[in-house]
Amino acid sequence: RVLFPLYWSRRATERSNRTFFPLYWEWKAKDDVLQYFFPLYFRRHKEGISSHVLFPVFWKFRTREMDVKVIPPYYSLVALDSGTKTRGVAPFWAYSVNEKENWSDFEFLGGLFGVRRDGDQKEITLLYFLKL
């Protein structure tokens with residue numbers, strides 16, 4: 001179906017496409033979904049990779065190895081293969097932990113002050129390089 005020049009819609013056996021120019025576009029196939037609401041929203045799912053963006057307030061990306069969420073200034077990253085979890089409020093603080101490998105890391109103001117725990121050992125860092 002076409003309502004030229006603003007709207008297009010096509011359907012085939014394994015895919016479909018719908019466009020309301022210039023604000024909306026959607027494309028669907030067996031293992032692939034792509035959707036735009038111009039200029040603020042984007043969504044894509046393809047072969048284990050997922051993306052959602054609501055600009056500028058929310059980003060979410062997921063692969064087989066990593067899960068990332070951002071609601072500025074907050075962020076969260078999870079390495080699914082290693083089990084490392086990181087979250088923070090940029091640029092003020094960040095906290096990482098890996099329970100499998102028994103370590104954690106806290107940084108304040110981009111590393112001006114940090115505390116790292118590895119098992120029973122604790123290390124404090126000042127000004128990026130002074131280790132106490």
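Note that these values count all heavy atoms, side chains included, but never hydrogens, waters or copies made by symmetry. Numbering starts at 1 and runs along the sequence shown. What you see is a predicted model, and the numbers here were worked out from it, not measured in a lab.
- In this structure, His52 and Tyr41 have side chains that are in contact, with non-hydrogen atoms separated by less than 4.5 Å.
- Of the inter-residue distances, the one linking Arg11 atom CZ with Lys28 atom NZ reads 7.5 Å to the nearest 0.5 angstrom.
- Annotation: salt bridge (charged side-chain N to carboxylate O under 4.0 Å, His left out) contacts involving residues 95-118, sequence neighbours excluded, are absent.
- Rounded to the nearest 0.5 angstrom, His45 NE2 and Gln35 CD are separated by 8.5 Å.
- Val115 and Leu109 fall within the same hydrophobic cluster, where Ile, Leu, Val, Met, Phe, Trp and Tyr residues are linked whenever their side-chain heavy atoms come under 4.5 Å apart, directly or through other members.
- Annotation: salt bridge (Lys or Arg N to Asp or Glu O under 4.0 Å) contacts of Arg44 (sequence neighbours excluded): Asp32.
- Taking CZ of Arg64 as the reference point, atom OG of Ser50 lies at 12.0 Å (rounded to 0.5 Å).
- Residues satisfying the side chain to side chain donor-acceptor pair (under 3.5 Å) criterion with Thr86, sequence neighbours excluded, are Ser96.
- In this structure the side chain of Lys46 never reaches within 4.5 angstrom of the side chain of Asp31, judged on heavy atoms.
- Contacts of Tyr36 classified as ring-ring contact (aromatic ring centres under 6.0 Å, His included), with partners at least two apart in sequence or in another chain: Trp25, Phe42.
- For Tyr24, the ring-ring contact (aromatic ring centres under 6.0 Å, His included) test picks out Phe37, with sequence neighbours left out.
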Considering only distance and modelled atom types, tabulate donor-acceptor pairs under 3.5 Å from the side chains of residues 68-83, sequence neighbours left out.
residue : atom : partner : partner atom : Å
Lys69   : NZ   : Asp67   : OD2          : 3.4
Ser82   : OG   : Thr84   : N            : 3.3
Ser82   : OG   : Thr84   : OG1          : 3.2

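- The closest donor-acceptor contact from the side chain of Thr19 to the backbone of Phe21 lies at 3.5 Å or more, if one exists at all.
- When the side chain to side chain contact (heavy atoms under 4.5 Å, CB included) test is applied to Arg18, the partners found at least two apart in sequence or on another chain are Tyr7, Ser9, Glu26.
- Taking 4.5 Å as the limit, every side-chain heavy atom of Pro22 sits out of range of all side-chain heavy atoms of Phe38.
- Pairs of residues two or more places apart, or lying in two chains, never qualify as ring pair (Phe, Tyr, Trp, His ring centres under 6.0 Å) while including a residue from residues 77-109.
- The CG atom of Asn102 lies 11.0 Å from the CD atom of Gln121; values are rounded to the nearest 0.5 Å.
- Under the rule for a side chain to side chain donor-acceptor pair (under 3.5 Å), Ser16 has no partner lying at least two apart in sequence or in another chain.
- A chain of hydrophobic side-chain contacts below 4.5 Å, direct or via other Ile, Leu, Val, Met, Phe, Trp or Tyr residues, connects Ile124 to Val97.
- Here Arg15 pairs with nothing under the salt bridge (Lys or Arg N to Asp or Glu O under 4.0 Å) rule; sequence neighbours left out.
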